[in-house]
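Values below: every heavy atom of this structure, side chains too, minus hydrogens, waters and symmetry copies.
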Amino acid sequence: MLRRMGALSFAFLPLAVSPAMAAPSLPSGLTAEQIDTVVERARDAFHVPGIGVAIVHDGQVVFARGYGRRGEDAQSGNVDTRTLFAIGSNTKEFTTTALAMLVDEGKLKWDDRVIDHMPEFRVADPAITRDFRVSDLLTHHSGMGLGAGDLMLFSHSTFTRPEVLAALPYMPFTAPFRMDYAYNNLLYVVAGALVERISGTGWEDFVQSRLIDAAGLPACQSTPPVKGQVDVATGQGGDPVLPDRAALQLPAVAPAGGIWCSVDGISRWVQMYLNGGKTPEGKTIISMAQRDAVWAPHALLPLPDTAQATEGHFRAYGYGWFNEDFFGKRRVWHTGTIDGMVSYVSFLPEMQTGIVVLTNHDDPHAIYSIQTTLNSLVVTGKSADWVKHWKDEATAKDAQDAKMAATQGPGSPARPFIHLSSHDAHDYVGLYHDDWRGDMHVTQQGTALRLAFGKASGLAGPLQALPHDLFVVRWDDRAQDAEDDCYVQFERDMTGKVTGMKMQVIGSDFSFDAQDLHPRRISDQP
């Protein structure tokens, strides 16, 4: 269960206005009081310690404020407009913008074959490998399953980027190529490697120098924060102690979700995009043609449950951006979730408006509530009670999950726990190996069994037995991993010997893609 917290205080920060420019004005239909009200309500309803919000309109940042605290600790400092948040998958737009720069420079085309730039590139199907285009890395229609390979990127993984790429051929395809939408971080890591290959510069350095610094994004960085940086948010269940710079390990996931940025930084990024790829001072980062290319719909998606309420008729994915119609206006947006934080960037291009929301709580309902409300007010001048809508949905889901756990979950009458003798427990001990995720270890102490992942700093936990070779693993790190407890189904051959296992996450975290694992037992010594 996620930790819940009570109502929190919030701090307002003044918006600095240059005397050389006219006083900035919020979009018609939106007031500062309305923003404060919906943020405070959402923060209270979903127990979010801190939130940063910015509004860009007609080329100017017209609103920027921090609310609440930088972390769960009551002593953590207040959020301000320079507080660094992990923006998760809103990093993807930086990677696609980096590719767009290379297209502008004539070094790449969107329909180039990946193997023509990276001859070592491979996926499970040789025919698909030969036809895999740069654009196929970006639209989530590869045929791999939802969250495929995320266990190499998250959940304490210590995989390096080259190791992730080497494991790519072992990822299973679950749908036809270019047919079904399934969100995928793994291929954005490949896209980052493509940036590195073509530019001859590491992804972090390219993004920092050619995008963040070149566009003048304040308080924004392509690498994780380190000791000595003070104005840094801590996500839900996170450790506020930052690593020494010398000990910093660059995450393999970075091109898909590694950037840390502030409200001030992202709002300037929004200015650049709304200005057709140019900074407010007129410096071109990408051409208007490439801005339009990454924003264009490239793959159709199903409509969301909220489509009727927002008068939506289509949804699509571009290159790192979602597209939809919203009360008759085009909306371009993306969310990001990582390290216990959630971000949301939304554009209404016809209204020349962009909205940024950054939070330090691992629950998207707060940003859904804030963004849907603010976008509705900008487009229509009014809004439904989206805080109540998302709170009711979250409450209903919690009740449904609790009922399912009580009637069908592990330990329920339908699936009672059983006790194994030391002899019976020993059947499962051993070293297991999965083609893409690597080694897993099952160890025994007395009658107790434990499962631990290799290439992970702390992903381990006790195995509790259910009937028919079925177990539940409950991960040790309850603050971060409780939502990812898994069923573990051991398999036996015709002689009764345990030969392998399958796994399935009990909760709904698609990034814990245990269903894609099929570890084989390769030794009875763990």
Side-chain angles (χ1 to χ4, degrees), residues 1-3 150-152 154-159 237 239 401-526:
M1 295 287 290
L2 295 176
R3 255 176 80 193
D150 276 1
L151 273 170
M152 290 187 289
F154 306 107
S155 300
H156 311 275
S157 171
T158 58
F159 274 77
D239 185 353
D401 289 347
K403 180 179 179 181
M404 180 64 69
T407 58
Q408 300 294 323
S412 68
R415 287 183 169 177
F417 289 115
I418 61 174
H419 176 75
L420 295 179
S421 68
S422 177
H423 178 270
D424 289 340
H426 190 71
D427 279 357
Y428 306 98
V429 172
L431 174 63
Y432 296 75
H433 183 82
D434 179 79
D435 286 336
W436 61 269
R437 187 53 184 78
D439 291 343
M440 300 169 65
H441 308 268
V442 177
T443 57
Q444 179 182 8
Q445 185 172 5
T447 61
L449 293 171
R450 286 182 60 81
L451 173 65
F453 273 78
K455 298 196 73 64
S457 54
L459 187 58
L463 286 163
Q464 296 176 274
L466 299 164
H468 311 300
D469 290 324
L470 183 64
F471 290 76
V472 169
V473 57
R474 299 201 183 278
W475 306 114
D476 293 337
D477 189 342
R478 305 310 293 166
Q480 291 193 36
D481 303 326
E483 292 285 311
D484 296 328
D485 290 344
C486 286
Y487 287 115
V488 180
Q489 179 67 67
F490 286 92
E491 301 169 320
R492 296 179 185 266
D493 63 17
M494 301 299 281
T495 69
K497 181 180 179 180
V498 172
T499 58
M501 67 173 88
K502 291 182 179 179
M503 298 179 67
Q504 180 70 54
V505 68
I506 297 172
S508 57
D509 180 5
F510 73 80
S511 279
F512 204 93
D513 59 321
Q515 73 281 353
D516 291 328
L517 298 169
H518 195 168
R520 304 176 307 279
R521 191 183 190 202
I522 59 175
S523 172
D524 59 6
Q525 299 298 315

Open item on the list: Can you list everything that forms a salt bridge (charged side-chain N to carboxylate O under 4.0 Å, His left out) with Arg521? Sequence neighbours excluded, please.
Closed with: none

Do you know which two heavy atoms are closest between [X] and [Y], and how far apart they sit?
X	Y	value
Trp436	Asp516	NE1-O, 3.1 Å
Arg415	Gly409	CB-O, 3.7 Å
Asp481	Leu459	OD2-CD1, 4.1 Å
Ala414	Thr407	CB-O, 3.4 Å
Ala405	Ser412	O-CB, 3.7 Å
Ala460	Ala452	CB-CB, 3.7 Å

- [ ] Determine, stepwise, if the pair Tyr487 / Val472 fulfils side-chain contact (heavy atoms from CB on, under 4.5 Å).
- [x] CA-CA 5 Å; Tyr487 287 115; Val472 169; 3.8 Å; yes

Within the structure provided, determine whether [X] and [Y] are in side-chain contact (heavy-atom separation under 4.5 Å).
X	Y	result
Cys486	Val505	yes
Gln489	Leu466	no
Phe453	Leu517	yes
Leu451	Met503	yes

TODO: Please work out which of the three classes, parallel, tilted or perpendicular, describes the rings of Phe490 and Tyr428, given edges at 30° and 60°.
DONE: tilted

TODO: For residues 432-458, pull every pair meeting salt bridge (charged side-chain N to carboxylate O under 4.0 Å, His left out), keeping only residues two or more places apart or in separate chains.
DONE: Glu163-Lys455, Asp435-Arg520, Arg450-Asp476

TODO: Sequence neighbours left out, what passes ring-ring contact (aromatic ring centres under 6.0 Å, His included) with Phe512? Give chain and number order.
DONE: Trp475

Let me confirm one number: the [atom1]-[atom2] distance from [X] to [Y], rounded to the nearest 0.5 Å.
X	Y	atom1	atom2	value
Asp150	Ser511	CG	OG	3.5 Å
Thr499	Asp493	OG1	CG	5.5 Å
Gln480	Ser155	CD	OG	9.0 Å
Leu420	Leu449	CG	CG	7.0 Å
Arg474	Leu463	CZ	CG	11.0 Å

TODO: I would like to know whether Val442 and Met501 meet side-chain contact (heavy atoms from CB on, under 4.5 Å); could you show each step before the answer?
DONE: CA-CA 11 Å; Val442 177; Met501 67 173 88; 4.1 Å; yes

Open item on the list: Salt bridge or not between Lys502 and Asp469? Use side-chain N to carboxylate O under 4.0 Å.
Closed with: no

Open item on the list: Between His156 (side chain only) and Ala456 (backbone N and O only), is there a donor and an acceptor less than 3.5 Å apart?
Closed with: no

TODO: Could you tell me whether a side-chain N or O of Gln444 sits under 3.5 Å from a main-chain N or O of Ser422, the two making a donor and an acceptor?
DONE: yes

- [ ] List the steps, then state whether side-chain contact (heavy atoms from CB on, under 4.5 Å) holds for Asp513 with Leu151.
- [x] CA-CA 6 Å; Asp513 59 321; Leu151 273 170; 3.4 Å; yes

